[in-house]
Amino acid sequence: MAYLAFRCKPAPVTTRARIASWIAARLRRGEARLAKALAQSRHEQQHQAALLAQVEEIALIGSTETLLATGETTLSAGLCRLFGEAPSADPVPAQWLWDRVPDEERQLVKFVRESVQTDEPFEFQHRIVRRDGGIRTVLHRGRIELGPDGTPLRLHATLQDITSRCEAERALDDLAHADRTTGLPNRHALLNRLGEATFAAQRDGRPLGLLVIGVDQFGLTHESLGHAASDQLLRGVTQRLLHVAPGAGTFAYIGGGEFALLMELADAGEAAAQGMARTLIDGVAGPIQAGGTEIFVTAAIGVALWPADAGGPDELVDNACASARQARQLGTHRVCFYTPEANARAALRLANEAGLRHAIDRDELYLCYQPQVDLATGRMIGLEALLRWQDGTRGNISPAEFIPLAESTGLIIPIGEWVLRTACRDIVRWQAEGLQPLRITMNLSMMQLQLPDIVERIQAVLEETGVDPQRLGIEVTESMLIEQVDHVAKTLSRLKALGIEISLDDFGTGYSNLGYLNKLPIDVLKIDRSFVHDVTAPTQDVSITRALINMAHGLGMKVMAEGVENEGQLALLVASHCNQIQGYFFSRPVRADAIAQMLREDKRLPEHLLVRQSRQRTLLVVDDEDNIIASLRRLLRRDGYHIITANSGAQGLQRLAEHEVDVILSDQRMPGMTGVEFLRRAKELYPHTVRMTLSGYTELQSITDAINEGAVYKFLTKPWDDERLREHVNEAFRHKEMADENRQLGARLQSANDELATVNQRLQRLMERQREQIRRDEQRLLSAHELLEGIPTPVIGFDVEGVVAYLNADAHELFPLSDSPLGRNAAEALSPELAHVWRSGDGVHVRVQLGERHYQAVCRPIGDHPHRRGKLMVLTPHGPGPWVH
Ligand code: C2E
Ligand code: CA
Ligand code: CA
């Protein structure tokens with residue numbers, strides 16, 4: 001409203017009247033002009049308001065004005081539209097806006113708006129919740145208007161809906177963060193998506209599942225065939241994933257051979273995630289061409305659920321990765337759900353893996369050598385290279401721990417190459433020092449043996465270091481041979497052709513399928529230390545070891561016994577004709593310097609431990625002339641024989657019955673029975689004796705006949721030459737011993753084969769029984785599971801450590817979805833009432849009230865002592881009643 005004021009001089013009445021009318025006219029004109037101006041300004045205002053409204057609508061902007069003294073806030077039509085509210089001219093309290101900001105951002109908005117004091121403009125971004133529940137992102141700009149005295153009066157602000165711009169930016173961001181190889185979103189983009197997905201999932205009260213899919217062959221492919229091949233592998237896997245589960249959720253590639261799938265889950269989250277994991281594992285498995293070879297792909301999957309397993313996106317990804325690592329450790333085709341314990345284990349493994357990656361560069365690896373000793377001479381003939389890892393912080397780590405890790409990560413390839421190169425350099429050093437040349441054997445992992453160019457790789461290192469392949473041996477284990485016999489046989493044959501000795505390690509611990517042994521070019525069979533017995537061991541055990549040794553000999557292999565720790569074991573191995581030993585008895589694995597020292601000292605096994613205890617050589621001399629017997633006795637006594645004598649053929653046969661005779665030396669012309677006749681009889685009765693005649697004259701015919709029949713081995717003449725006779729007799733003994741040995745070998749081989757056949761049969765039966773047992777257990781488990789699910793009352797299962805392992809359908813309802821007790825300890829996972837039941841002990845009935853319902857609860861052990869397999873807690877519905885324990 002505008003006010004006008006006039007000041008006038010007094011005037012005569014007529015004049016006054018005129019003046020009055022003039023004034024009135026002027027006033028009327030002025031009013032008309034004023035009215036016109038007012039109308040015009042109203043029109044302009046309306047026009048401007050309409051324009052503002054249009055601008056607000058087009059720019060998706062809304063504005064507010066807050067009187068800072070009272071908090072009274074006016075909203076523009078655009079602002080109401082932005083929030084999906086009906087337009088209103090009435091002011092609202094400042095709270096109005098904050099109520100429409102999501103919980104987690106409310107503090108921020110409040111803080112920014114309240115902390116602005118000057119007339120500096122401010123600008124920030126947050127989200128709002130529309131009346132219809134929709135979420136929008138807004139750009140919030142504002143400025144404080146100050147009064148003339150500088151006190152803040154009003155806050156003017158605009159909110160602009162920038163949701164689509166943010167989405168477009170995110171899409172661009174995703175594009176920038178897509179993995180180049182697979183075209184899938186990368187880890188960064190996955191985390192972005194997870195941020196939004198968790199936000200929406202929280203609003204809708206639905207869980208999310210994150211599946212991390214680890215490709216088992218990635219490490220090997222990358223280490224052995226290079227980048228291009230591993231990229232091919234990843235692209236192949238991507239195609240399969242997208243093909244087998246289109247629309248399942250968001251797939252991403254997060255690096256290191258690991259893919260992720262983000263899924264929105266319905267209520268039964270775990271089952272759906274489990275089902276999807278199985279689908280993916282089956283869908284991914286199969287051969288893929290990469291780097292010119294065909295790689296059979298397998299996968300293992302780790303699952304983490306939100307909100308059960310993680311607070312935010314980073315943690316969810318980390319936990320799913322930890323479960324994936326655990327799944328891979330358990331074997332291919334495995335699915336593991338996240339548990340905190342697994343996380344701890346995975347963290348340790350990750351630390352180990354990271355440490356191992358640097359172990360070579362940081363000089364933390366070193367080799368120990370364990371001597372291998374020949375039992376014929378007692379001297380060292382070889383050394384087994386055994387890898388050691390001295391970690392900077394944790395000290396010595398056992399190969400049993402880090403070798404499997406190196407194998408599962410593919411690190412065994414560079415590490416194995418380091419072992420070979422280091423061993424070769426030590427060989428060269430010892431050679432330069434003029435020490436006795438030894439063969440070094442190194443352990444080869446399956447992964448190394450599978451490398452298409454393993455032969456070339458080994459050859460290259462040998463050439464580079466100038467080591468003769470004869471100085472190198474490799475040890476492979478049974479399980480490696482069984483998987484791909486033909487391929488492995490080819491590789492081993494090529495290595496053997498270079499002169500490298502091939503040993504079969506840990507024999508007897510694996511499948512011990514003998515069928516493949518003769519298909520493979522194995523030089524040495526290393527029998528595992530479980531077959532190395534002491535003299536006090538049960539005879540059955542000892543004979544199995546003998547059988548193994550004989551069998552290996554039968555197949556033309558040498559035998560080395562591992563883990564020989566004492567003299568008793570050594571004696572038994574010597575008696576069983578074992579060729580070589582390795583073990584603490586001779587030496588523990590030691591550093592290269594200690595080996596050099598042993599070589600300088602020519603350390604060896606003492607002679608007396610190597611001699612096989614055998615009978616004394618026994619000779620029967622038959623002659624009717626006492627003086628000849630006496631002089632033969634005198635001559636041959638020096639050679640240490642046990643000499644028995646007889647004056648006639650008949651007496652000779654008598655002596656043969658009394659003694660175990662090896663060699664017979666008989667005169668030809670004797671009363672009663674000629675020498676040839678006697679030897680004929682001796683042959684029939686004691687065919688293994690070696691028979692010779694010593695005759696003064698030749699009755700050629702009978703002698704020739706006897707030789708042809710095999711009754712006489714040699715024909716010697718009187719008078720004799722002492723030395724030549726001694727030689728003949730000695731040679732006859734050697735002949736006899738060799739024949740004995742061959743016969744024993746044959747017999748042992750036979751019995752070994754028989755024993756092995758029975759052992760195999762026993763094993764077969766045992767396996768059959770076990771298989772049957774597993775089948776029955778599975779069946780029982782299945783029906784037990786169905787039964788438990790069907791029971792119309794809550795049942796909770798615990799494993800032996802008190803971890804909640806099972807809930808039936810009714811039990812699930814006792815727990816809020818976001819707080820599943822599965823995988824958690826009873827004490828922390830159960831409500832106080834159920835925890836009380838748990839603590840009350842087995843068989844004690846306790847009444848509990850859960851919400852409105854009353855139950856009688858009891859815990860019962862599963863399985864009998866000492867084979868406890870956990871507990872079941874059963875809650876039976878019950879009317880309300882007094883609390884009794
Ligand atoms: P392995 O090939 O069977 O090696 C023999 C193991 O028996 C060694 O254990 C050795 O120290 C131990 N040993 C030797 N004599 C005796 C004894 O008299 N009594 C007892 N109780 N043990 C004895 P280590 O050094 O702990 O190696 C364990 C395994 O790690 C090896 O078993 C081998 O499979 C693997 N390994 C070691 N070095 C390498 C390597 O460079 N490459 C690969 N791929 N595997 C390796
Ligand atoms: Ca070995
Ligand atoms: Ca071994």
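The structure presented is a predicted model; accordingly, all values stated were derived computationally and were not measured. Counting from 1, the numbers follow the sequence of the chain as shown.
Between Arg771 and Glu768 there is a salt bridge, since a side-chain N of the basic residue sits under 4.0 Å from a carboxylate O of the acidic one. A salt bridge between Arg421 and Glu464 is present, with a side-chain N of the basic residue lying under 4.0 Å from a carboxylate O of the acidic one. Between Asp662 and Arg617, none of the side-chain N atoms (NZ, or NE/NH1/NH2) sits under 4.0 Å from a carboxylate O, so this pair counts as no salt bridge. Ion pair Asp523/Lys558 not flagged as a salt bridge, since none of the NZ, NE, NH1 or NH2 atoms sits closer than 4.0 Å to an Asp/Glu carboxylate oxygen.
With sequence neighbours excluded, the residues satisfying ring pair (Phe, Tyr, Trp, His ring centres under 6.0 Å) with Phe733 are Tyr641. Every salt bridge (charged side-chain N to carboxylate O under 4.0 Å, His left out) that Asp453 has, sequence neighbours left out, goes to Arg457. With sequence neighbours excluded, no residue satisfies salt bridge (charged side-chain N to carboxylate O under 4.0 Å, His left out) with Lys603. For Cys368, the side chain to side chain contact (heavy atoms under 4.5 Å, CB included) partners are Tyr366, Arg388, Pro589, not counting sequence neighbours. Under the side chain to side chain contact (heavy atoms under 4.5 Å, CB included) criterion, His553 pairs with Ile549, Val559, His577, Asn579, sequence neighbours left out. Every residue two or more places apart in sequence or in another chain that forms a salt bridge (charged side-chain N to carboxylate O under 4.0 Å, His left out) with Arg328 is listed here: Asp216, Glu258. Checked against side chain to side chain contact (heavy atoms under 4.5 Å, CB included), Thr377 has the following partners two or more places apart in sequence or in another chain: Asp374, Arg379. Every residue meeting the salt bridge (charged side-chain N to carboxylate O under 4.0 Å, His left out) condition with Arg494, not counting sequence neighbours, appears here in chain and number order: Glu456.
His728 is not listed as a side-chain neighbour of Glu731, based on a closest heavy-atom distance of 4.5 Å or more. Contact annotation: the side chain of Val661 never approaches that of Leu619 to less than 4.5 Å [non-hydrogen atoms, C-beta and beyond]. Considering only heavy atoms from C-beta on, Gln217 stays 4.5 Å or farther from Phe296 through its side chain. You'll find the side chain of Val467 stays beyond 4.5 Å of the side chain of Val461, heavy atoms only. In this structure the side chain of Val663 never reaches within 4.5 angstrom of the side chain of Thr689, judged on heavy atoms.
Neither side chain, Gln372 nor Gln580, offers a donor N or O lying under 3.5 Å from an acceptor on the other. Checking Ser503 against Glu475 by side-chain atom types alone, no donor-acceptor pair falls below 3.5 Å. Donor-acceptor pairing under 3.5 Å is recorded for the side chains of Arg546 and Ser576. Side-chain contact check for Asp602 and Gln436: no donor-acceptor pair (N or O, by modelled atom type) lies under 3.5 Å. Side-chain contact of Glu384 with Thr441: a donor-acceptor pair under 3.5 Å is absent, judged by distance alone. Residues His333 and Thr298 have side chains that never bring a donor and an acceptor to within less than 3.5 angstrom of each other.
Sorted by first then second residue, the ring pair (Phe, Tyr, Trp, His ring centres under 6.0 Å) pairs that include residues 433-477, not counting sequence neighbours, number zero. Among residues at least two apart or in separate chains, salt bridge (Lys or Arg N to Asp or Glu O under 4.0 Å) pairs with a member in residues 562-581 are Lys526-Glu562. Screening residues 574-601 for salt bridge (Lys or Arg N to Asp or Glu O under 4.0 Å), with sequence neighbours left out, gives Glu433-Arg600. Judged as a ring pair (Phe, Tyr, Trp, His ring centres under 6.0 Å), the pairs with a partner in residues 406-455 (not counting sequence neighbours) are, in order, Tyr369-Trp430.
Dense packing is recorded around CZ of Arg776, with more than 12 heavy atoms of other residues, nucleotides or ligands lying under 6.0 Å away.
Here CD1 of Ile415 is found 4.0 Å from CG of Leu356. Values are rounded to the nearest 0.5 Å. Separating the CH2 atom in Trp389 from the CG atom in Leu365 is a distance of 8.0 Å, to the nearest 0.5 Å. Residue Ile454 holds its CD1 atom at 7.5 Å from CD of Glu417, rounded to the nearest 0.5 Å.
Screening Val564, Leu375, Val532 for a side-chain contact (heavy atoms from CB on, under 4.5 Å) involving Cys578 leaves a single residue, Leu375.
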